[in-house]
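Below you'll find the structure, written out as structure tokens, and then a few comments.
So that the names make sense, note that chain A is the first sequence line, chain B the second, and so on, each numbered from 1. Note that this is a predicted model, so its numbers are computed, not measured.
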Amino acid sequence: MVHISLWYLPLLVLLPLTVLAIIAVWLRRVAHRQSIAEEEPDWSVPALGDEEGGISPLHRWDVRCKIVTILGFSFVIASLGHLGPALTAVGISLIVSVISKVSLARVLFRLLALTGFLGMLVVVMPFTVPTHSGDTLVIFGNTDWLCLNLRGLLLSATISARAVAIALLMEPLFSTAPLPVTLHGLCRLGVPEMASQSVLLSYRYVHVFRHEARRMSAGMQVRGFRKRTDIQTLRTVAYFLGMLFVRSFERTERVFEAMRARGYRGRFPEPVELRMRTMDILMASVWLVAAAVLITYDRILF
Amino acid sequence: MHISDGVLPVSVTIGGYIAGAALAAWSARRTESEELPKVAVVTAAFFVASLIHIPLGPTSAHLLMPGLAGALLGPVAFLAISLGLLLQTLLFQFGGLTALGANALMMGLPAVACGWIFQKFKGKTQVGHAIAGGVTGASGTAMAAIFLALLLATGGEDFFGVAKVALLAHVPVIIVEGVVSAFTIGFLFRVKPALLESSFVRHQKTVND
């Protein structure tokens, strides 16, 4: 148990939190501005994964092998129980990201998306974790109600490290092959073809409807609509949603009829022919060794 | 709010995957397999709608809409929501790949329940529809929040505090969601009542044939 006087509280807890929050908000704003600037010209051609075949080993890796290995590795990371191994996993994921030459902006964007949930954990857990014997408590001044449990802090840090390590693997997993190829790989692994087709279609139309929504909200702003915290805003947003649904459901019908007219009978042609080589198996075994090392580190060395 | 990677125990995430896959398969069988492209496109619409932020005092909240999805899609809502969550992970890293099954259960089960409630109690007037819509909208989010708290609590007593805070944080969202859903359903009742029939996808099929 550590007693420190109350005036340390702003210094040790509030100040770092505020700084982190300000950085997160600022980065989010920058990312938002960039995403708008980038997306506006070619909204209809979303690129998740580059088409040019790429140059890194992960681009050349067989997509089936890649999915199974990275998904399995993610579950191994999720099962780590200590901070050290989890941080090692973050290191491995960083190395993989560098090797696969993914775009830094998109990796940052993904990490920013985590800040909301993980921020809540980091703020709440140190103060709410039940006290066990052997825990280090930091008590500020003479307050009873404000007592920071270092075990909670450690736990939330471990969770954050696991989440970051897995999130860092997502860009190497999804953006090192075009989305249709990744989904084709999933089908060959036994996922129903319908599921992968649906993902492909939704992915395409998310961008179409986002464009539509942006157009509608531009129209609303031109007519003087500003978002506020009142019932009028809620009503307007509700009508906006209703209109979005009406328009998109009608478009759904047109899309489906157009597909039928072009001979759609529940199948798309295969995008590529997949072939497994020795290199693919070798890559998978390297990952397997890494996973085994992480588990050993986590379970035996602690 | 979606659960991130690395938060839940691995057994819970794997169990969530298995249960989620079974329910998605059940949900897919409720519609003609040839009509699944429609579900995909409708999912995209809900996805975009869930990106809209509503100001709440100094902060803002985005809608979760399990209630509306259930009311408009019926049992197919589970499939649509799983699909939407997969897309969110793919595109924005909301939620996470390992927690996908658990997140799908958390949002999808309330949606299916809400769809049933809405069809049962919507009545025939616009006011009746709007009230039923508001109730399903609010209760859908409330159920999802309770589910979230329960899932977090599977992590052991260390997570109880976080579960409580997460539950409390959803209270304003539940209210906003209820009001917006009521207005949206009322609007749809006037503009395109066909969308509010038992299941849009099935209904349209009978019209086409």
Under 4.5 Å from a heavy atom of chain B, the part of A:R228 involved: backbone
Here the pair of heavy atoms bringing B:Q119 nearest to B:L196 is NE2-O, 3.5 Å
Where on B:F189 is there a heavy atom nearer than 4.5 Å to chain A: the side chain, the backbone, both, or neither? neither
Top of A:V255, A:N149, A:I159, A:L111 for chain B proximity - count of heavy-atom pairs under 4.5 angstrom: A:I159
Nearest heavy-atom neighbours spanning A:T233 and A:R226: OG1-O, 4.2 Å
Look at A:A161, A:A167, A:S248 and state which one has the largest set of heavy-atom pairs under 4.5 Å with chain B. A:A167
Would you say the rings of B:F46 and A:F245 are close, in the sense that their centroids are separated by under 6.0 Å? yes
Chain B contact via A:L200 - which portion, at a heavy-atom distance below 4.5 Å: neither
What option among A:A238, A:A165, A:A213 has the most heavy-atom pairs under 4.5 Å with chain B? A:A238
Given a strict heavy-atom distance threshold of 4.5 Å, which part of B:V191 is in contact with chain A: side chain, backbone, both, or neither? side chain
Would you please classify the geometry between the B:H129 ring and the B:F118 ring as parallel, tilted or perpendicular, with 30° and 60° separating the classes? perpendicular
With chain B, the option among A:S79, A:S74, A:P130 that has the most non-hydrogen atom pairs under 4.5 Å is A:P130
Need one label for B:L79: side chain, backbone, both or neither, based on atoms under 4.5 Å from any heavy atom in chain A. neither
Which portion of A:L244 sits near chain B, non-hydrogen atoms under 4.5 angstrom: side chain
Can a donor-acceptor pair be found, under 3.5 Å and without considering hydrogens, that links the side chain of B:D5 to the backbone of B:T98? yes
Taking the side chain from A:R262 and the backbone from A:A258, do they hold a donor-acceptor pair closer than 3.5 Å? yes
Is any side-chain heavy atom of B:C114 closer than 4.5 Å to a side-chain heavy atom of B:S139? yes
Heavy-atom pairs under 4.5 Å with chain B, option from A:A195, A:G242, A:A78 with the top count: A:G242
Is there side-chain contact between A:I92 and A:L294, with at least one heavy-atom pair below 4.5 Å? yes
When the 4.5 angstrom heavy-atom criterion is applied to B:F92 and chain A, the contacting part is both
Can you tell me which portion of A:M243 sits under 4.5 Å from chain B's heavy atoms? Options are side chain, backbone, both or neither. both
Best-contacting candidate, B:I185, B:T43, B:L97, against chain A by heavy atom pairs under 4.5 angstrom: B:L97
Taking all atoms of both residues into account, what is the closest heavy-atom pair of B:P110 and B:A144, and its distance? CG-N, 3.8 Å
State whether a side-chain donor-acceptor pair under 3.5 Å links A:Y264 with A:E257. no
What part of B:V179 gets within 4.5 angstrom of chain A, counting heavy atoms only: side chain, backbone, both, or neither? side chain
Where on B:S4 is there a heavy atom nearer than 4.5 Å to chain A: the side chain, the backbone, both, or neither? both
